[in-house]
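Structure record follows, encoded as structure tokens.
All figures in this text were calculated on a predicted structure; none of them were measured in a lab.
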Amino acid sequence: MAQNVDYILELLCDHGMLDKAQIDEGWEKVAASSGKLDIMDALKELGYVDENETMAVLAQQYGLDTLDLDGYQIPVEVIESVSSKIAQQYKIVPVMKHDDMLTVAMSDPTDMETLDSLRYVLNCDVDAVISQKSQIKKLLDLHYGTIEASVDSFLSEISGDDVEHQLVADMEKSGESLEADDAPIIRLVTLIIVEAFKQKVSDIHMEPLEKRYRVRYRLDGMLHEVEAPSKYLQGNVTSRLKIMSKLDITEKRVPQDGRIQLKIGGKDVDLRVSTIPTSHGESIVMRILDKSSIQLDIPDLGFYSDDQALINQIINMPDGIFLVTGPTGSGKTTSLYAFLNTINTPTRKIMTVEDPVEYQLAGINQVQVDRSVDLTFGAALRSMLRQAPNIIMVGEIRDLETAEIAINASLTGHLVFSTLHTNDAPGAVARLVDMGVKNFLVASSVKAVMAQRLLRRICKNCAAPTEPDPEELRLLDAEPKDFEGANLMKGRGCAECSNSGYKGRMGIYEIFMISEETQDLIFHNATTNEIRDAARKSGMRTLRDDGLRKALAGSTTLQEVIRITAMDEE
């Protein structure tokens, strides 16, 4: 090995990258380190050599390629083609395999004995590329080291100030008896959750794929892939999350639902955990519920003053049903909680029945559905009416029984809030009728329906004026003159918004007030299109209309409005 080092030093001197005095100083540093440093490490610390430049010289001398391993994804079958013992012994990492040719990354191409030995022990042709010694060590720890070394390698990519504090708090709260070997996995899982919370992520998706383990965060409604632990840690991570969620770690054949409660940065955070078996392991999705984020007032939801006035009129009605519609993840629960917060006064008794109860609201009686004891929406509602509430919120009207009880409650002097899964506000009428509710009951009980969606806000830090492009005009069926004088903006992308041009989300709304005319249409079994046309004539603004006026005001982009409302305009 000494001959190899001497040759490398001589080669660097020939290229004018080192001189004898610098080499002597390097050897002095090696001696002072008591064997902890080799000569190349010492020269690097002294600032006399650059690792990339050294690699380039060696690559040119030996006719080899260089390979940057930072972020390089190595297929599982390639890693498995070399045992941990061989990889650690020869300080190499297999990076690709084609037919019978295996390519390995090594830091010292002068060590020809290593390549000859590998060809013999692996019984295949072996080619080499040159990579940084530090990168090779990191991948050796990640793919062939202990769990602790693998986790430490992952944690070095994304460090969090609160990790150790959160780890201790979590362990103390759970009261678990943990082995020392569990600590690295606990740190890993905790960091993934804490980092997601810091970035204001709504969901964490942990997905087992055939050759790797994928972690994605949903931020502002869009999924983004992030740094993920090695595939072989998949089972450890899954078990840790199931323990935290109080799920059965031995059951891997059926879906399970659980909950994790944490305190991060002084804030109480709940995570709704869902597991489902897939072809390559259990897929886990965690929805982050930040309890502090639900304390919203109506203006914080993105209502303009005219819509806000309508909402205030609706939520202060003495009786009737107010429905909020939209797909999963469109912010329906957040809106309902904001409405309840607004009207939550000591003079009103408010009760809710939910599945699950996502947030605890002070001063409001909340009931959790529990089908194991036959506490369904319908059963809870029937008992709730005996409690003489003024206002009732039903998490979702899912069946005829729940719908009929809610309608009867509204007709006997109660104000009822609930949600439905429909594309637009007028479609809620057809949805109730399809469930089996009589038309005259729908017409007399439903007072208003609000459809909503969430779209991304333009990042204020990098917002810049823009003009609509031809494709946007075509999709909106508009002309350039329609946007004259508008304050159209677009995010250019910056560090604050992770170069997406967007930061945060806002709601767009379609508020359908049931007038006498629409009541008559519902009573006579009019179609959804007929009801929608009548609602628009009476002043209802559609989701796209509301989105466009927010784009014209510079709050979001035309592209985002088109993306979110495309299905609603077909």
Side-chain angles (χ1 to χ4, degrees), residues 1-72 74 79 82-95 102-122 126-146 148-157:
M1 185 65 191
Q3 291 179 344
N4 292 339
V5 169
D6 290 341
Y7 178 74
I8 293 173
L9 294 175
E10 182 181 345
L11 193 62
L12 295 178
C13 286
D14 290 344
H15 280 76
M17 298 168 63
L18 278 176
D19 58 38
K20 187 176 184 305
Q22 291 172 332
I23 294 174
D24 290 342
E25 187 179 348
W27 284 117
E28 290 175 4
K29 190 172 181 68
V30 170
S33 73
S34 302
K36 293 180 180 178
L37 296 176
D38 62 27
I39 183 62
M40 297 309 297
D41 289 334
L43 291 170
K44 182 181 174 183
E45 286 193 8
L46 290 167
Y48 293 151
V49 296
D50 179 87
E51 197 166 2
N52 287 323
E53 292 178 359
T54 302
M55 284 169 50
V57 169
L58 291 172
Q60 182 182 9
Q61 184 70 20
Y62 285 88
L64 299 175
D65 293 327
T66 61
L67 179 63
D68 183 0
L69 295 176
D70 189 22
Y72 187 81
I74 305 174
I79 288 293
V82 176
S83 69
S84 174
K85 181 179 178 181
I86 292 173
Q88 296 281 10
Q89 178 183 345
Y90 292 102
K91 298 294 185 289
I92 57 94
V93 174
V95 291
L102 178 70
T103 301
V104 301
M106 59 192 306
S107 61
D108 183 7
T110 67
D111 187 8
M112 304 306 295
E113 292 180 4
T114 289
L115 288 177
D116 290 337
S117 298
L118 286 172
R119 292 185 184 106
Y120 176 75
V121 298
L122 297 175
V126 178
D127 194 10
V129 292
I130 306 176
S131 299
Q132 291 185 14
K133 181 180 177 181
S134 58
Q135 292 181 341
I136 290 174
K137 182 180 184 306
K138 177 178 160 184
L139 288 181
L140 282 173
D141 287 343
L142 179 64
H143 295 295
Y144 298 108
T146 62
E148 184 165 8
S150 298
V151 171
D152 285 342
S153 177
F154 173 78
L155 295 182
S156 68
E157 293 296 318

Salt bridge or not for Asp116 and Arg119, using N-O below 4.0 Å? yes
What's the separation between atom OG in Ser33 and atom CG in Asp38, rounded to the nearest 0.5 Å? 8.5 Å
Report yes if the side chains of Leu140 and Gln88 come closer than 4.5 Å at any heavy-atom pair, otherwise no. yes
With side chains defined as the heavy atoms from C-beta onward, is the minimum distance between Lys133 and Asp41 less than 4.5 Å? yes
Taking every heavy atom of Asp50 against every heavy atom of Asn52, the minimum-distance pair comes out as OD2-N, 3.0 Å
Taken to the nearest 0.5 Å, the spacing of Asp68 CG from Met55 CE works out to 7.5 Å
Between Leu43 and Ile23, what is the shortest heavy-atom contact and its length? CD2-CA, 4.3 Å
Do Lys91 and Thr114 pass the side chain to side chain contact (heavy atoms under 4.5 Å, CB included) test, and can you show the C-alpha distance, the side-chain angles, and the key distance before you say yes or no? CA-CA 9 Å; Lys91 298 294 185 289; Thr114 289; over 6 Å; no
Straight-line distance of Gln132 CD to Asp70 CG, nearest 0.5 Å: 8.5 Å
Scan Val104, Leu115, Ile136 and name whichever one has a side-chain contact (heavy atoms from CB on, under 4.5 Å) with Ile92. Val104
Give, for atom CG of Leu46 and atom CD of Glu25, the distance between the pair rounded to the nearest 0.5 Å. 5.0 Å
Are more than 12 heavy atoms, taken from residues, nucleotides or ligands other than Gln89, located less than 6.0 Å from that residue's CD atom? yes
Under a 3.5 Å cutoff, is there a donor and acceptor pairing between the side chains of Gln135 and Tyr72? no
On a heavy-atom basis, the closest approach of Pro94 and Leu102 is CB-CD1, 4.0 Å
Work out which heavy atom in Ser107 is nearest to a heavy atom in Leu58; give both atom names and the distance. O-CD1, 4.5 Å
To the closest 0.5 Å, what do you measure between OG1 (Thr103) and CG (Asp127)? 5.0 Å
Show me the donor-acceptor pairs, under 3.5 Å and distance only, between side chains in residues 9-19 and residues at least two apart or in other chains.
from: His15; atom 1: ND1; to: Leu11; atom 2: O; distance (Å): 3.0
from: Asp19; atom 1: OD1; to: Ala21; atom 2: N; distance (Å): 3.2
from: Asp19; atom 1: OD1; to: Gln22; atom 2: N; distance (Å): 2.8

Using only atom types and a distance under 3.5 Å, with no angle test, would you say the side chain of Ser131 pairs donor to acceptor with the backbone of Leu67? yes
For Ala87 versus Val82, what's the shortest heavy-atom pair and its separation? N-CG1, 3.9 Å
In Å and rounded to the nearest 0.5 Å, what is the CD1 to OG1 distance from Ile8 to Thr54? 8.5 Å
